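Here is the structure we will look at, set down as structure tokens.
Since the model is a prediction, treat every value here as computed from it, not as a measurement. Values reported hereafter were calculated over all heavy atoms of this structure, with side chains retained and with hydrogens, waters and symmetry mates removed.
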Amino acid sequence: MTAPGSQFSQRSQAILLLVAAVSCFGAVDGFSKLLVDSQSFGQIMLARYAPALIVLLAATGPRSWMGMFATQRPGLQVIRGLTPVCVGGLMVFAVRYLPLAEATVILFAGPFIVVALSQRMLGEQVDPSSWIAVAVGFLAVLIVARPGIDALSKYTIFPAAAAVFYAALQLLSRRLGSMGELPRTTVAWTLLVGTIVSLPLAVMDWRSPDLRHWVILFGLGVSFGSGQHFLTKAFSLAPANVLTPFSYFQIVSAAIFGWLVFHNVPDVWTMLGMVLIVGAGLYVFRHKRSANA
């Protein structure tokens with residue numbers, strides 16, 4: 001049996017890893033925004049996977065490749081690898097037909113799905129603190145995005161479907177981790193599946209990048225690969241319902257990226273949303289710590 005102190009330390013590490021993961025994903029969105037006017041959809045999707053896969057293969061060496069991809073759950077690994085591809089692709093269509101605020105709010109219904117399904121799919125007990133934190137986090141997203149209702153239409157199916165895949169990504173990460181799959185193996189399969197899917201899309205609509213675009217494309221790949229590594233490691237260490245509220249930290253990292261790169265200074269409502277997001281995460285953190293004590 002795991003001692004309460006060590007369990008809390010493990011969950012603390014998992015929370016920090018998840019915050020690092022969603023911070024990387026916020027950077028991924030920022031890099032994508034820098035590329036969207038000059039590079040094709042396929043190139044942007046390929047840049048998420050191929051550079052990170054190349055770095056991973058180079059870092060491990062040919063002798064370790066067989067062991068790295070060795071898995072007892074190849075089907076589940078392939079399905080998990082497809083989920084971030086689906087999220088990214090669906091959100092591209094979502095923001096094409098809907099304002100970004102509406103699309104973002106609908107996407108962040110994903111944490112509700114994770115909390116709702118974690119007990120049924122993963123056998124994890126969901127306590128009221130997780131529901132409260134997720135609700136506060138979603139309220140914070142509403143405050144930051146301040147969506148209207150006039151633009152909602154049949155195209156909301158795109159971010160709604162993306163939210164389902166976003167939840168599936170987190171649930172499958174936890175499921176694979178609880179089955180003993182190594183985080184490195186899950187990351188390797190995710191990068192391989194994403195590269196295979198996006199490569200033909202990039203080839204069909206290739207636009208030659210200049211040096212600046214190559215640097216941004218590489219940064220996109222490193223950020224995405226790092227985020228996937230941190231995400232899978234986090235969900236291998238702690239229950240999904242504990243980590244889910246911290247996924248809202250992505251909106252904080254996105255705001256910081258926008259401020260530093262695009263000089264979009266957050267307004268009062270955005271700052272209020274960030275405070276609520278951080279508060280929701282700290283509430284879960286302190287509640288779990290008290291429970292373990």
Side-chain angles (χ1 to χ4, degrees), residues 17-62 64-65 68-69 77-78 80-93 95 107 162 165-166 169-170 172-173 182-235 247 249-250 253-254 256-258 260-262:
L17 285 167
L18 185 71
V19 171
V22 298
S23 298
C24 288
F25 294 146
V28 166
D29 293 337
F31 283 127
S32 299
K33 184 176 179 63
L34 288 170
L35 294 166
V36 71
D37 291 332
S38 60
Q39 306 302 302
S40 69
F41 166 76
Q43 285 174 279
I44 295 174
M45 293 299 291
L46 181 63
R48 295 176 178 230
Y49 298 96
L53 179 61
I54 292 171
V55 170
L56 179 63
L57 293 176
T60 54
S64 302
W65 290 351
M68 184 170 59
F69 285 97
Q77 289 285 9
V78 170
R80 196 272 182 192
L82 290 172
T83 53
V85 177
C86 294
V87 172
L90 286 165
M91 287 304 292
V92 169
F93 287 105
V95 297
L107 173 66
F165 284 110
Y166 181 56
L169 171 64
Q170 299 183 55
L172 288 171
S173 297
L182 297 176
R184 186 180 68 169
T185 299
T186 299
V187 171
W189 275 87
T190 296
L191 297 178
L192 178 63
V193 171
T195 300
I196 292 173
V197 172
S198 57
L199 180 59
L201 299 176
V203 171
M204 288 187 294
D205 188 14
W206 183 262
R207 304 173 190 177
S208 297
D210 58 22
L211 178 59
R212 174 177 174 271
H213 292 141
W214 275 119
V215 172
I216 298 173
L217 286 166
F218 183 78
L220 173 61
V222 171
S223 298
F224 183 80
S226 299
Q228 287 295 323
H229 171 72
F230 294 144
L231 181 75
T232 53
K233 181 66 174 177
F235 279 97
S247 63
F249 273 80
Q250 182 171 340
S253 66
I256 293 173
F257 192 100
L260 294 176
V261 178
F262 301 105

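Taking OG from S40 and CE from M204, the interatomic distance works out to 9.5 Å, rounded to the nearest 0.5 Å. We find the CD-CG distance between Q43 and L201 to be 11.0 Å, quoted to the nearest 0.5 Å. Here CE of M68 is found 4.0 Å from OG1 of T60. Values are rounded to the nearest 0.5 Å. Atoms CG and SG, from L231 and C24 in turn, are 10.5 Å apart once rounded to the nearest 0.5 Å. Here OG1 of T190 is found 10.5 Å from CG of L53. Values are rounded to the nearest 0.5 Å. In this structure, CZ in R80 is found 4.5 Å from CD in Q228, a value given to the nearest 0.5 Å.
Atom CZ of F41 sits in a crowded spot, with more than 12 heavy atoms from other residues, nucleotides or ligands closer than 6.0 Å.
L199 is not listed as a side-chain neighbour of Y49, based on a closest heavy-atom distance of 4.5 Å or more. Side-chain contact between R212 and L34 is present, with at least one heavy-atom pair separated by less than 4.5 Å.
Closest approach of I44 to L220, counting heavy atoms only: O-CD2, 3.5 Å. Heavy atoms only, all atoms of each residue included: S32 and R48 are closest at OG-NH2, 3.7 Å. Minimum heavy-atom separation, W65 to L57: NE1-O, 2.9 Å. For the pair S223 and A27, the tightest heavy-atom approach, listed with the atom from each and the gap, is OG-CB, 4.1 Å. The shortest heavy-atom contact between M45 and G89 is CE-N, 4.1 Å. The heavy-atom pair separating F218 from P51 by the smallest distance is CD1-CB, 4.1 Å.
Aromatic ring orientation, F224 versus F25: tilted (interplanar angle from 30° to 60°).
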*asked:* Under the criterion side chain to side chain contact (heavy atoms under 4.5 Å, CB included), I'd like the reasoning laid out for L169 against V87: C-alpha separation, chi angles, the key distance, then a yes or no.
replied: CA-CA 9 Å; L169 171 64; V87 172; 5.6 Å; no
*For the pair V193 and L82, evaluate side chain to side chain contact (heavy atoms under 4.5 Å, CB included) and give the outcome as yes or no after the intermediate values.*
CA-CA 7 Å; V193 171; L82 290 172; 3.6 Å; yes
*Determine, stepwise, if the pair F235 / L18 fulfils side chain to side chain contact (heavy atoms under 4.5 Å, CB included).*
CA-CA 8 Å; F235 279 97; L18 185 71; 3.7 Å; yes
